[in-house]
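The next block holds one structure in the form of structure tokens; read it before the comments.
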Amino acid sequence: MSTLSPGLRPSPVRPPVPAAPEPRAARFRLSPADRDVLGLYLLTRISLWITAHFARWLFPAQSGVREAAPVLAPFQHWDANHYLHIARDGYFPAGAGPWTSGWDNREAFFPGYPFLLRAVHTVVPDWTAAGLLISLVAGAVAVLALARIARAYLPEEGAGHRTVVLFLLSPCAVFLAAGYTEALFLAFALPAWLAAMKHRWALAAVLTTLGTAVRVSGLFLAAAIGLLFLLSVRAGGGSRTWRSAGWTLLPALPPAAYSWYLHAHTGDWMAWKHAQERGWYRTFHPPWEAWANTWTGAFGGTQSTGYAFMFQAELVAMLVGLALVALLVRRRRWPEAVYVALSLWALGTSYWYTSVPRATLLWWPLWIGLAALSLRRPWFRTVYLCVAAPVTTLVALTFLTGRWAG
């Protein structure tokens, strides 16, 4: 396995130890550590499904009902419904669009997940079950890649397992199991990063391109991998490395194609961005205004307690992200810092913060860094689990019972 160039040594964790290239068959073989991670992943899925089962009995949408909601009802909320509608009906069914009263702004969502959902639906007739299957498989790929990245950076025994534990017990982990894009995006993004670490630029570019078809966050990943490529050249990659430069442009194709498609139907090249502005208050505001507006929503008494709590969570997640970027910059981990910083800029320049806690799932340096801390300071793991366990359970319940948005 090839590794990062000497000039790219990540800190605070130790850089990977150089090793011989892996045989092709070994890349797909599951080690005992991989199987351990998959076992942990399956157990957490079972735990979440049990929670969903009891939630539909104990927390019905209306009081006094005598029958529980359908089995899959806990997962039929918010963005999952948007993706279902796109997969089933397309972006502009029967000529409807932004010009239609009551339009749901579905063009805000990139097409990668809906296309895959429609394909899986041909085998799994129930739309919600098809979405859950996508997230189940994609989540397994993501945790395997995350564990391998962690093992490449952390010398301690059990580093991959520890990283996955902290990740799967993170406050917003429920979204990895729902019909959302987080699991699918990570199933492309984390193997892409792993490939880039090994200087397999073509594979990294292809995987990142698939990621940009799923979320705009794929462009942030592309920027980080592009910087990693430039740093590897600077560290002595030579002309052979430069011949791979064209691959770094490939991830721009899905967003460009989607913009062209939207322009053909709406006359607007940035229709997806304008849909986000209409539906989710993502009009540009300076970062300090976004912070002030979110603070008012959290503590100004202008929102109900449910919404106020959500705004408080947004503020905490933003602070975590800023601290992470500062640490990455201090340790000169420039590509990872660029990735997280671009994510924070995109989320932190709206009218107010939206979906920042969910975005923490995509910040793999956060989970590897926390694992490194817990391995060197055993008390931290205890503190983390004592805090994360109730918070994760409450967040899961608020989503599964339809109370997530306030």
Side-chain angles (χ1 to χ4, degrees), residues 51 55 59 61 77-79 82 105 108 166-167 169-176 178 180 182 216-217 220 273 275-330 337 340-363 365-367 369-370 373 380 382-406:
T51 303
F59 304 101
H77 300 298
W78 299 291
D79 289 5
H82 283 291
N105 299 304
L166 300 182
F167 173 66
L169 293 181
S170 59
C172 288
V174 65
F175 293 99
L176 296 170
Y180 276 56
E182 277 76 7
V216 71
S217 309
F220 311 153
K273 179 66 169 63
Q276 291 187 355
E277 294 172 355
R278 290 191 304 269
W280 292 270
Y281 299 97
R282 294 197 184 276
T283 53
F284 177 79
H285 287 260
W288 52 90
E289 287 187 12
W291 174 273
N293 292 334
T294 309
W295 183 274
T296 300
F299 303 109
T302 60
Q303 305 289 332
S304 64
T305 56
Y307 280 109
F309 173 78
M310 296 304 303
F311 283 122
Q312 292 167 21
E314 299 282 351
L315 292 171
V316 171
M318 178 59 70
L319 290 175
V320 169
L322 292 172
L324 176 61
V325 171
L327 181 61
L328 291 171
V329 169
R330 180 182 177 186
V340 180
L342 289 174
S343 175
L344 289 177
W345 178 261
L347 295 169
T349 54
S350 301
Y351 177 78
W352 51 31
Y353 301 158
T354 305
S355 302
V356 184
R358 276 172 51 197
T360 62
L361 293 171
L362 311 182
W363 301 341
L366 173 64
W367 309 112
L370 291 177
L373 179 60
F380 177 79
T382 303
V383 172
Y384 178 90
L385 294 178
C386 287
V387 173
V391 174
T392 303
T393 302
L394 288 173
V395 170
L397 282 174
T398 56
F399 175 81
L400 296 169
T401 58
R403 298 171 172 84
W404 172 250

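- Between Pro390 and Leu385 the shortest heavy-atom distance is CD-O, 4.3 Å.
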Checking side chain to side chain contact (heavy atoms under 4.5 Å, CB included) for the pair Leu344/Trp363: CA distance, chi angles, key distance, verdict? CA-CA 11 Å; Leu344 289 177; Trp363 301 341; 3.6 Å; yes
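- Shown here is Phe309, whose CZ atom has no more than 12 heavy atoms of other residues, nucleotides or ligands within 6.0 Å.
- Here the CZ atom belonging to Phe59 is positioned 11.0 Å from the OG1 atom belonging to Thr398, to the nearest 0.5 angstrom.
- The minimum heavy-atom distance between Leu361 and Phe175, with the atom names listed, is CD1-CB, 4.2 Å.
- A pairwise comparison of heavy atoms in Ala359 and Ser343 identifies CB-OG, 4.3 Å as the closest pair.
- Residues Thr401 and Ala55 approach most closely at CG2-CB, 4.0 Å, considering heavy atoms.
- Here Gln312 contributes atom CD and Tyr307 contributes atom OH; the two are 15.0 Å apart, rounded to the nearest 0.5 Å.
- Separation of atoms CH2 (Trp78) and CH2 (Trp404) is listed at 8.5 Å; rounding is to 0.5 Å.
- With values rounded to the nearest 0.5 angstrom, Met310 atom CE is found 6.0 Å from Glu314 atom CD.
- No side-chain donor-acceptor contact under 3.5 Å links Trp345 to the backbone of Pro287.
- In this structure a side-chain-to-backbone donor-acceptor pair under 3.5 Å is missing from Gln276 to Tyr281.
- Residue Leu322 holds its CG atom at 12.5 Å from CG of Leu327, rounded to the nearest 0.5 Å.
- Residues satisfying the salt bridge (charged side-chain N to carboxylate O under 4.0 Å, His left out) criterion with Glu182, sequence neighbours excluded, are Arg215, Arg358.
- The two residues Val391 and Pro171 make their nearest non-hydrogen contact at CG1-CB, 3.9 Å.
- A distance-only check finds no donor-acceptor pair linking the side chain of Asn293 to the backbone of Trp352 [under 3.5 Å].
- Contact check for Pro365 versus Leu328: side-chain heavy atoms found under the 4.5 Å cut-off.
- With sequence neighbours left out, Arg278 forms a salt bridge (charged side-chain N to carboxylate O under 4.0 Å, His left out) with Glu107.
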Can Phe167 and Leu370 be said to form a side chain to side chain contact (heavy atoms under 4.5 Å, CB included), step by step? CA-CA 9 Å; Phe167 173 66; Leu370 291 177; over 6 Å; no
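- The CG atom of Asp79 lies 7.0 Å from the OG atom of Ser355; values are rounded to the nearest 0.5 Å.
- Pairing each heavy atom of Leu315 with each of Ala298, the nearest pair is CD1-CB, 3.8 Å.
- Proximity of a side-chain donor or acceptor of Thr294 to a complementary backbone N or O of Phe311 within less than 3.5 Å is not detected.
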Evaluate the side chain to side chain contact (heavy atoms under 4.5 Å, CB included) criterion for residues Leu347 and Tyr353: first the C-alpha distance (whole Å), next the side-chain angles of each, then the deciding distance (0.1 Å), finally the verdict. CA-CA 6 Å; Leu347 295 169; Tyr353 301 158; over 6 Å; no
